[in-house]
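Here the structure comes first, spelled out in structure tokens, and everything after it is commentary.
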Amino acid sequence: QVQLVESGGGLVQAGGSLRLSCAASGIRFSIYAMGWYRQAPGKQRELVATVTSGGNRNYADSVKGRFTISRDNTQNTVHLQMNSLKPADTAVYSCTATGPTNSIDYWGQGPQVTVSS
């Protein structure tokens with residue numbers, strides 16, 4: 001059974017930092033591209049960041065320079081370090097795993113991140 005279990009969400013003041021983690025099980029983690037998406041109330045879900053199996057990273061323009069995605073293939077985890085948080089970053093953040101077909105195969109439940117002004 002495949003599981004993506006996230007942790008690290010919460011409430012933080014603007015300018016603060018949070019680190020999200022996603023632990024994967026049931027998949028051959030090293031061959032999957034991993035990502036983070038977010039969805040704010042009343043808005044469409046958007047891509048935040050991805051990291052390929054080879055370690056290449058991609059970020060939404062809105063988070064470049066503030067967020068860093070990383071993966072640890074020995075621990076089957078992916079992290080999202082979020083710095084200089086803004087109220088606009090408030091959303092439910094979901095971890096994803098994309099397999100060789102280049103479609104998202106698995107989604108996590110998503111921790112809530114709330115940034116107060």
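The first residue in the sequence is number 1, and the count goes up from there.
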> Do any pairs count as a disulfide (SG to SG under 2.5 Å) and have a residue in residues 83-117, sequence neighbours left out, and if so which ones?
Replying inline: C22-C95
> Within the distance-only criterion (no hydrogens, no angle test), does the side chain of N73 pair as donor or acceptor with the backbone N or O of S30 below 3.5 angstrom?
Replying inline: no
> Are V12 and L20 grouped together when hydrophobic residues (ILVMFWY) are joined by side-chain heavy atoms under 4.5 angstrom apart?
Replying inline: yes
>> With side-chain contact (heavy atoms from CB on, under 4.5 Å) as the test, pick out the partner of W36 among I69, L47, V51.
In response: I69
> Is a donor on one side and an acceptor on the other found under 3.5 Å between the side chain of T52 and the backbone of N56?
Replying inline: yes
>> I'd like to know whether S94 forms a side chain to side chain contact (heavy atoms under 4.5 Å, CB included) with E6, so could you lay out the CA-CA distance, the side-chain angles of the two residues, the decisive distance to 0.1 Å, and finally the verdict.
In response: CA-CA 8 Å; S94 297; E6 299 111 325; 4.2 Å; yes
>> Within the 3.5 Å criterion, strictly below it, is a donor on H79 or S70 matched to an acceptor on the partner's side chain?
In response: no
> Atom CZ of R71 and atom CG of N76: how far apart are they, to the nearest 0.5 Å?
Replying inline: 9.0 Å
> Where do M82 and S17 land on the side chain to side chain contact (heavy atoms under 4.5 Å, CB included) test, with the steps shown first?
Replying inline: CA-CA 5 Å; M82 305 185 292; S17 298; over 6 Å; no
Only distances under 3.5 Å count here; give the side-chain donor-acceptor pairs of residues 106-117 to other protein atoms, sequence neighbours excluded, each with its distance to 0.1 Å.
{"residue": "Q112", "atom": "NE2", "partner": "A91", "partner atom": "O", "Å": "3.4"}
{"residue": "Q112", "atom": "NE2", "partner": "T114", "partner atom": "OG1", "Å": "3.3"}

>> In the structure I gave you, are the side-chain heavy atoms of F29 and T77 within less than 4.5 Å of one another anywhere?
In response: no
> Given side chains that start at C-beta, do those of Y59 and R66 come closer than 4.5 Å, heavy atoms only?
Replying inline: no
>> Hydrophobic clusters here meaning ILVMFWY residues chained together by side-chain heavy-atom distances under 4.5 Å, can you tell me if L18 and V78 are in one?
In response: yes
>> Going by disulfide (SG to SG under 2.5 Å), name the pairs with one or both residues in residues 49-87, residues two or more places apart or in two chains.
In response: none
>> Counting C-beta onward and ignoring hydrogens, is there a side-chain heavy-atom pair between M34 and L4 closer than 4.5 Å?
In response: yes
> Any idea which heavy atoms bring D105 and G99 closest together, and the distance?
Replying inline: OD2-N, 3.0 Å
> Side chains of Y32 and T98: does their closest heavy-atom pair fall under 4.5 Å?
Replying inline: no
> Is there side-chain contact between F67 and L80, with heavy atoms separated by less than 4.5 Å?
Replying inline: yes
> Do D89 and R38 touch side chain to side chain, with heavy atoms closer than 4.5 Å?
Replying inline: yes
> Does the pair K64/D61 count as a salt bridge with the N-to-O cut at 4.0 Å?
Replying inline: yes
